[in-house]
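By convention in this document, chain letters (A, B, ...) are assigned in the order of the sequence lines, proteins followed by strands, and residues within each chain are numbered from 1.
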Amino acid sequence: MGSTAGARMRSDVWRRFRKNRLALVGLLSVGLLVLAAVLAPVLAPADPGQQDLPAKRTAPGRQFLLGADEFGRDILSRIIFGTRVALMVGTVSVGIALGLGLVFGMLSGYLGGIMDASVSRAMEILLAFPYLLLAIAVVSALGPGVLNTTLAVGIWATPAFTRIIRASVLTLRDTEYVQAARALGVSTSAILSRHILRNFLPTIIVYSTLYMANAILVEAALSFLGLGVQPPTPSWGLMVATGRDFLLVAPHIATIPGLAIMFAVLGFNLLGDGLRDALDPRLRT
Amino acid sequence: MGGWRKGAPYVLAAALVLAAGGLWQDVQAGEKRGGTLTIVRPTDPVSLDSNLETTAPGAWVYYNITEPLIVLDEQGKLQPRLATSWQVLSPTKVRFKLRPNVKFHDGTPFNASAVKFTVDRAFNEKPGARWASLAGPFAGAEVVDDLTVDLSTKEPYGPALRSLAMAYVGIVSPAAVKKHGENYGRNPVGTGPFTFVEWRTNTSITIERNNDYWGDKALIDRAVFKVVPEEGARMISLRTGEADMVIIPSPSQLPALKREGQVNVYEVVGGRIIFVGFNLAKPIVDDVLVRQAMSHAVNVNTILENIYEGAAVRPRGYLAPTVFGFKDMGLDKLYPYDKAMAKALFAKAGWTPGPDGILQKGSQKMTLSWLASRGRYLKDAEMAEAVQAQLKEVGVDARIQFLEWGAVFSQMRSANLDHHMYTFGWITTNNDADYTMFSSFLCKNAPPTGWNRARYCNPKVDELIEKARRSVDQAAREKMYAEAQSLMAKEPIWIPVANTKEVVVTQRFVRGFSVHPVEYNLDLSKVWLDK
Amino acid sequence: MAFFVLRRLLLAIPVVLGVIFCVMLTIEMIPGDPVTLMLGEHATREAVEQVRHALGLDRPLLVRYVQYLGKLVRGDLGRSIREGRQVSQELADVWPATLELTLAALVIAVLAGVGAGIISAVWPNSPFDALARVGSLFGLSMPIFWTGLSLIVVFSLWLQWLPVGGTGSLRHLILPATTLSLPSMAMVARMTRSSVLEVLREDYIRTARAKGVGEVLVVLKHGLRNAFIPIVTLLGLQFGQLLGGAVLTETVFAWPGLGRLIVRAIFARDYILLQGAILVFSLAFVVVNLLVDLSYAAIDPRVGRQG
């Protein structure tokens, strides 16, 4: 693409994006999260691991702005530091899924035949495989912790990405454009990267953003079921899980982290929607 | 005298009225029969055949259906049940005199043959009882006459009697076992105050009063055990009236419940101790000074107050108080919470705080790895997190690895434990010190052979444990265990944090219930409903 | 048509067999074995070995896999390791509960979602529309277990209108079904809104309106027909999400369904029970995908012919 044409398209996209108020809200939210993650030590009023047992379950108020958890730790500080885990899980796991999805999706979509059949069957097997078992297997092999849980989440998201990419490749594979390139003797990898990939870049961007939201939810669910982040690292999902026991006496312990999860997920959803609308208004849902 | 005689009729009348009034009071305050008791607890058992089901959910039910020969009362003393008396004939043989005129729920008579059948089924047949190895080296039973039976062990075994008082050793009806075969676990038949009615898997088990019971008949008509896995949900069902009794209630709600006085809270110090253990095979913690220092760094009282919130008491040793052979190890006096003392001991061992606050010795940092479970024992994960923070304050960097139970358990059982510390909860199932001492502290019983997770080796302690196991002189045994525990207290091998209470919460109208220190012994025979 | 169905079912077989083998292999590789876990902390090594041998669990993996397949062909799903009950019986005990929950959630999602979507499309940018759109966004963003817990706090603890968990009556079903339906409801509402809006903008609609044909009929006939395929596709995809979400919902509400069974089986390493459950699960997927495709064929006959 020529640079002027590209520049014009980019400013068009930005213009459309700017007009969409909800999309801006999404961008702002995600920006806020990133800021919180980066500046956590500065923003947090207290050490997220600092316990004060006699002050357990304090309701939100003067001493603790958002209240204290069952160990007397400041919930606000834990929420702020928790953005690090949420964002890391979101981005890295989507990165893994995207990487694997690109490889498998493009190969199976473009080459077809046995490759396609086997990849498709493999993805179906992965989809039917109980996710919890997958997570336990990864954690057992590699040990618990954020990074390895992220890997498990990434593997979980792979079939969906593979499917999307494969579908996109299929629609573009038999166009005249690509056929001409093939006739001209352009190599497979060049065709894949230059001609095909570029055309569904918007879909990838949108899908990745939306999936980040899902990834955060899955990590939260894993922590909820007992795997995932190791204390004292704060994870929003783990906070909801452990706060469950105190719903009657101190509902804020479980509720507030849940709101944080929702905020992050909402932000990514809005951003993804906005990107999709801006990049291709025809795709608007 | 004359005056007295004149007033006699009035006095008599008055006395009669008073007596009648007293009687009337008695009837009012007397126990009422009838009603259904609804009990909620976390899980369903796997079977009601004690040979196959050795966990609490099963025992809570079959403790009311089958009965052992002898039982442990709430003070930890042996009491007759299906046996009226017993006599130690030799170090390997005990003779039991059985209670006459007792029938099983299916009408067949209870006698020495039934006892022999049960014992053989547990110890001598394949597959045998899953608790057989816990009970000890039993050889079998011999029928002497219809109401007399001899139980023998393969070698002298001190804890023999206490083993026979376990909830698992209920005598079963031979006729019923033969009739149902492998389905016996879903149709248990015993001699107890309740008979089995029905079992809807993962939903409820129903038992009803045995009107032909040999002893005091139960007062309630039926008891229904329901499955409610969520702690919060169990408590709510109590509030809404859906449940009458909650087993394993929510500790955080207990103080409020006790204050409000709307329900009955029954609690007693139980047999389970939750502790932080050391792995003496690993460097750093193999140094006794380090372990002593860490014992001083843990503030057990604040954990009990704020995390267990009254659901547990401070352990007085490695054994629970009702266990035979228990000695108060005085751990709270030996290792009071004292951060300065902890730091001093670390210094003595060569560990001083580095620039980041973590202790170091030369180039080595005190980074310890800790294996823990979540939700397996009461507040196990929370306790670990709290202790982790306390250790951080004195410069110990304890890295906890929480895994789901399957993974934790398999690591605990394997020959190699790659962690310095671990969390565990232990109950002395037959309430005899041998059970824990032999499996957990004997040098040769390191995993996978036994349960010496600490890999503790002390020849003097070994000698005491072996001798106490083979002696049937109970007084001598007590002395040997006391000595062993004194030696172990100085090591220290575990940091016991919580001795959990058995807590059961009931509606106000549930009367006659008392909770047994042994978790498995849930006795419903005296319960009545005041409504 | 029959050929189409048959071919689809046959294609599912290798996948299911593959999953079964993967499950078996995975359980073999992760730490923790079912018998040790079952017998608990107080069992001796001899006891464990004895039970493993009795259950045939000490034989090599491939041998066990082949034996399992052999039984499977005869319709025997084996016995669960933990309880020794027939797996088919255990599954029969739980799958109706999950089916009930999932169908209820689906019904709620469709009725509320389509309803809200239609209203939004007919009166775009109205307060209702704004509320519905924001609501949908929230519905998509709320973690299911958090929603469930919050609903419990509000409706069971504070208001005491509905029971906390468990099963047994319609009242027990309301909270879990609603919780599970929310993400799907949100997606359906959005999908319906955009599909109906798209149709309403078309010229021929304007002509019909100008002619005075009732607005309602217009919307119902054309708008819904246009929305049908995307909604059905969405629901087909959502069914997978629903079944997956059932695990979390069942955990929060103590709903005795397939999801909880699977969690239990995984933690107990009971691979025989797990495999049976996965079998049911994957077959459910296949059936649903098939139904979705069949419904396309009903709308568009070309689909059926190409198979």
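- You'll find the side chain of C/Leu140 stays beyond 4.5 Å of the side chain of A/Leu266, heavy atoms only.
- Within 6.0 Å of CZ in C/Phe138 there are 12 or fewer heavy atoms belonging to other residues, nucleotides or ligands.
- When the shell of 6.0 Å around CG of C/Leu10 is examined, it contains more than 12 heavy atoms from other residues, nucleotides or ligands.
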Q: Using the side chain to side chain contact (heavy atoms under 4.5 Å, CB included) rule, take C/Leu137 and A/Asp273 through it: C-alpha gap first, then chi angles, then the decisive distance, then the call.
A: CA-CA 10 Å; C/Leu137 282 170; A/Asp273 270 1; 4.2 Å; yes
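- To the nearest 0.5 Å, atom CZ of residue A/Phe129 and atom OG1 of residue C/Thr26 are 3.5 Å apart.
- Between A/Leu133 and C/Val23, the shortest heavy-atom contact is CD2-CG1, 4.1 Å.
- Listed here is the closest heavy atom pair of A/Ala137 and C/Ile30: CA-CG2, 3.5 Å.
- Using a 4.5 Å cut-off between heavy atoms, C/Met29 makes no contact with chain A at all.
- The closest side-chain heavy-atom distance from C/Ile266 to A/Pro130 is below 4.5 Å.
- At a threshold of 4.5 Å between non-hydrogen side-chain atoms, the residues C/Val16 and A/Glu124 do not count as touching.
- For A/Leu126, no part lies near chain C; criterion is any non-hydrogen pair under 4.5 Å.
- When all heavy atoms are compared, the tightest approach of A/Ile125 to C/Gly18 is CD1-CA, 3.8 Å.
- The stretch residues 250-265 of chain A places A/Ala254, A/Thr255, A/Gly258, A/Leu259, A/Ile261, A/Met262, A/Val265 near chain C, each with some heavy atom under 4.5 Å from a heavy atom of that chain.
- Contacts of C/Leu274 with chain A are made by side-chain atoms alone, with heavy-atom separations under 4.5 Å and no backbone atom involved.
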